[in-house]
Amino acid sequence: MLDQSHPALDGQSVSIRDLQLDFGSVSVLRDLNLDIHKGEFLVLLGASGCGKSTLLNCIAGLLEPTGGQIFIEGKNVTWAEPSERGIGMVFQSYALYPQMTVEGNLSFGLKNARLPKDEIAKRVARAAEILHLGPLLKRKPAALSGGQRQRVAIGRALVRDVDVFLFDEPLSNLDAKLRAELRVELKRLHNSLDSTMIYVTHDQVEAMTLADRIAIMKGGVIQQLAAPLEIYNRPANLYVADFIGAPPMNLLRGDLRGSEFRGAVTVPMVGYDFAAPPRDGAAVFGIRPEHVLVGEAAATAPVRTEVTVEIVEPMGADTLLWTRIGEDDFRIRIDGQTPIRGGDRITIGLDPARASLFDAATELRL
Amino acid sequence: MADVAFTPDQAAGRPARTLAGPVGARPKSRITAKRVMIYGALGLVSLYWLLPLWVMVMTSLKGMPEIRMGNIFAPPVEVTFQPWVKAWAEACTGLNCDGLSRGFWNSVAIVVPSTVLSIAVASVNGYALVNWKFKGSEVFFTILIFGAFIPYQVMIYPIVVILREIGLMGSVWGLVLVHTVFGMPIITLLFRNYFASLPEELFKAARVDGAGFWGIFLRVLVPMSLPIFAVAMILQITGIWNDFLFGVIYTKPDTYPMTVQLNNIVNSTQGVKEYNVNMAATLITGLVPLSIYLISGKLFVRGIAAGAVKG
Ligand SMILES: Nc1ncnc2c1ncn2[C@@H]1O[C@H](COP(=O)(O)OP(=O)(O)OP(=O)(O)O)[C@@H](O)[C@H]1O
Ligand SMILES: [Mg+2]
């Protein structure tokens with residue numbers, strides 16, 4: 001183990017090099033590289049079973065990687081014990097020690113580290129204040145609500161004064177309202193602590209709202225690592241485009257000829273920021289339901305077409321229209337007050353500058 | 001039961017808010033033919049099972065003349081505790097005539113260390129097998145479980161040789177060793193399954209909190225596993241207390257456990273058969289496992305159920 005800081009890792013809080021993890025013959029993580037800056041809030045987002053928890057457990061030292069290296073705060077911790085890594089972890093099931101009081105739960109790690117009594121008391125008091133746990137300190141976990149339990153679990157990481165917090169779907173056992181509240185509390189906590197946080201979720205709202213950067217994973221491979229808006233506006237491939245956004249991006253199949261997309265609609269890609277010089281071939285044109293223009297805005301749009309509204313789904317703030325272009329479903333998100341009914345024929349406008357174009361074969365962004 | 005409840009609303013000429021049908025708390029169930037049948041049958045069965053106990057207790061409280069008159073079901077005319085005293089302190093077994101008391105203390109000296117030892121080792125075994133899987137731990141577990149299926153009789157003589165070689169043949173400690181080893185497979189299995197049913201994240205959290213092998217075991221897992229410790233304790237105490245075979249083979253008259261001494265008292269061929277003393281001796285011997293059940297029965301049930309339903 002090398003204890004001195006690595007010059008190549010300046011400014012990196014967590015650095016993962018060529019990480020490989022196999023369960024027997026099943027390879028879950030392959031050659032994974034990831035650099036997480038100091039003080040960053042990084043969200044690992046992906047469908048169930050894609051290896052998010054596995055990656056988090058590797059960082060925590062709870063799983064032994066098959067290959068590769070892990071650095072935390074410049075130190076190679078690949079072989080270090082979880083408690084030596086300067087990390088705190090919060091689990092989905094809270095994992096509070098049922099026979100200890102809240103205070104006991106908070107101080108367990110500190111006692112193991114043989115900290116002096118007054119230091120323990122000071123840190124527990126501080127965590128209790130930050131997380132509003134003061135009146136609950138003498139209770140057992142069974143006598144707490146879900147939200148309170150999760151705050152204790154966060155407190156357990158907080159008292160240990162760690163550099164890196166790891167969260168494994170910490171809010172997914174809570175109801176929607178509490179989830180939204182705790183989400184904001186977490187964001188506040190991050191702002192006030194400026195420690196690094198790595199957060200696993202499969203909830204894209206959590207990912208978009210919390211993250212400085214999002215890493216989207218599929219099958220143990222990171223598909224795209226970028227800021228939330230970048231991922232939303234410029235998804236790196238079809239998988240990411242389809243995964244982010246609810247309802248998902250509309251995708252139309254066709255061909256790219258010159259700089260014109262030809263499918264059920266023809267779209268000259270004027271104003272589109274090509275990732276590479278355009279090459280002819282099969283392509284997929286994608287546009288988000290909320291970026292489709294209707295009404296007056298549609299009249300002035302660069303590309304226009306007519307569609308028939310099949311189904312109207314009012315959701316209050318906005319309304320979702322289901323239509324068809326060629327063979328493909330096409331969804332349009334409009335303001336909730338627009339009077340449109342099923343069967344109406346409407347003109348829609350598309351702005352290529354806000355669209356995405358993917359190679360049909362490699363599925364990569366063009 | 002009235003079909004429509006008469007509410008103040010109705011009295012005032014307004015429509016009743018309560019409609020026909022059941023209202024509020026369900027009435028406590030009454031005596032029905034079905035219930036009489038069930039309880040009657042249960043009562044009869046319990047009587048049948050309690051009869052031998054009744055006969056034993058009654059006989060042990062009678063003097064020999066009264067016993068000779070027959071009437072084994074009748075309560076004693078003249079209650080005497082002499083048979084109990086004799087069984088405990090005076091009955092003769094071959095060499096010595098100090099009753100069951102010697103066997104009782106021998107049994108205590110055997111049961112306590114074997115129970116403590118076997119549970120201490122097996123619980124750590126189970127914990128390590130679940131949470132600290134090492135290379136070959138599955139093979140180790142399979143071999144251990146296989147041990148539970150080997151007939152005891154096969155091992156009796158090899159153990160005699162082993163105990164002789166290590167100088168424990170005939171001593172209480174030899175028997176303790178034998179009981180500890182023989183209890184290992186089943187008690188390990190019990191603990192392994194219980195620990196496997198606890199959430200894995202708890203163990204992970206404790207590791208992140210810097211607790212080591214013993215810290216996690218003693219301070220996180222053991223405090224939440226008391227029911228399963230109670231189950232293991234009951235199984236071991238009753239099993240070892242009731243053991244006769246190993247006791248008679250691996251100890252000598254001085255160190256015989258209570259069961260062996262009971263046998264020697266009851267089956268002694270000299271003199272008249274003192275039925276009252278025999279009954280009293282049997283009851284005294286059975287009292288220990290019985291009271292263990294009565295004291296910790298509730299914990300026992302909870303521990304058995306704990307594996308099935310996660311808290
Ligand atoms: N002990 C194990 N042995 C074999 N395969 C495993 C083991 N643990 C996990 N896996 C596999 O590894 C893959 C990744 O699991 P992981 O728990 O990291 O998924 P995840 O992304 O956290 O999913 P979720 O969102 O459902 O929690 C899964 O396909 C899973 O089946
Ligand atoms: Mg997971």
Side-chain angles (χ1 to χ4, degrees), chain A residues 23-24 53-54 56-64 80-101 104-115 120 140-142 149 152-160 162 164-170 173, chain B residues 123-124 126-142 191 193-232 299 302-303 305-311:
Chain A
F23 285 117
S53 301
T54 306
L56 209 63
N57 280 318
C58 285
I59 298 174
L62 295 167
L63 277 177
E64 291 232 332
E81 279 295 305
S83 53
E84 298 167 350
R85 296 186 175 207
I87 52 120
M89 191 155 174
V90 178
F91 298 90
Q92 178 177 358
S93 64
Y94 321 130
L96 301 180
Y97 312 121
Q99 305 297 328
M100 299 182 199
T101 60
N105 268 279
L106 293 178
S107 56
F108 184 64
L110 304 179
K111 285 183 193 151
N112 285 328
R114 297 183 199 291
L115 256 64
I120 293 179
K140 295 259 177 84
R149 284 180 206 181
V152 177
I154 295 171
R156 206 162 50 176
L158 200 62
V159 288
R160 295 182 49 237
V162 291
V164 181
F165 284 85
L166 306 174
F167 297 92
D168 195 352
E169 309 200 27
N173 279 358
Chain B
S123 60
V124 176
Y127 161 63
L129 283 169
V130 169
N131 288 318
W132 299 89
K133 293 214 171 65
F134 47 92
K135 218 181 169 78
S137 59
E138 293 301 314
V139 178
F140 176 81
F141 182 61
T142 314
F191 277 103
N193 289 354
Y194 183 81
F195 288 137
S197 76
L198 297 178
E200 193 192 0
E201 292 190 339
L202 207 58
F203 170 76
K204 288 182 175 176
R207 275 194 76 191
V208 172
D209 267 340
F213 184 93
W214 293 109
I216 296 174
F217 181 64
L218 295 175
R219 296 178 54 200
V220 177
L221 295 183
V222 170
M224 61 189 295
S225 310
L226 292 184
I228 206 69
F229 275 92
V231 171
L299 270 177
R302 243 205 302 155
V309 244
K310 271 197 235 173

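Note on naming: letters A, B, ... go to the chains in the order of the sequence lines (proteins, then strands), and numbering restarts at 1 for each one.
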Scanning both residues in full, the closest heavy-atom pair of B:Ala205 with A:Ala95 reads CB-O, 3.9 Å
Approximate separation, where rounding is to 0.5 Å, of B:Arg207 CZ and A:Glu81 CD: 5.0 Å
Between A:Phe91 and B:Leu202, is there a side-chain heavy-atom distance shorter than 4.5 Å? no
Carefully, step by step, assess B:Val220 and A:Gln99 under the rule side-chain contact (heavy atoms from CB on, under 4.5 Å). CA-CA 8 Å; B:Val220 177; A:Gln99 305 297 328; over 6 Å; no
Non-hydrogen atoms of chain B under 4.5 Å away: do they reach the side chain of A:Leu166, the backbone, both or neither? neither
What is the distance from atom OH of A:Tyr97 to atom CG of B:Asp209, rounded to the nearest 0.5 Å? 3.5 Å
State, yes or no, whether a side-chain contact exists between A:Lys111 and B:Arg219 at a heavy-atom distance under 4.5 Å. yes
Measuring from atom CD of B:Glu201 to atom CE of A:Met89, what distance do you get when rounded to the nearest 0.5 angstrom? 7.5 Å
Any chance you could measure A:Leu63, atom CG, to B:Lys204, atom NZ, to the nearest 0.5 Å? 6.0 Å
So does B:Val208 get a backbone contact from the side chain of A:Arg160, meaning a donor-acceptor N/O pair under 3.5 Å? yes
Looking only at A:Gly109, A:Ala113, A:Ala60, A:Ala153, most heavy-atom pairs under 4.5 Å shared with chain B are made by A:Gly109
Among the listed options A:Ala157, A:Ser93, A:Gly88, A:Ala142, the residue most often paired with chain B at heavy-atom distances under 4.5 Å: A:Ser93
If you take all heavy atoms of B:Gly210 and A:Ser83, which pair is closest and at what distance? CA-CB, 3.2 Å
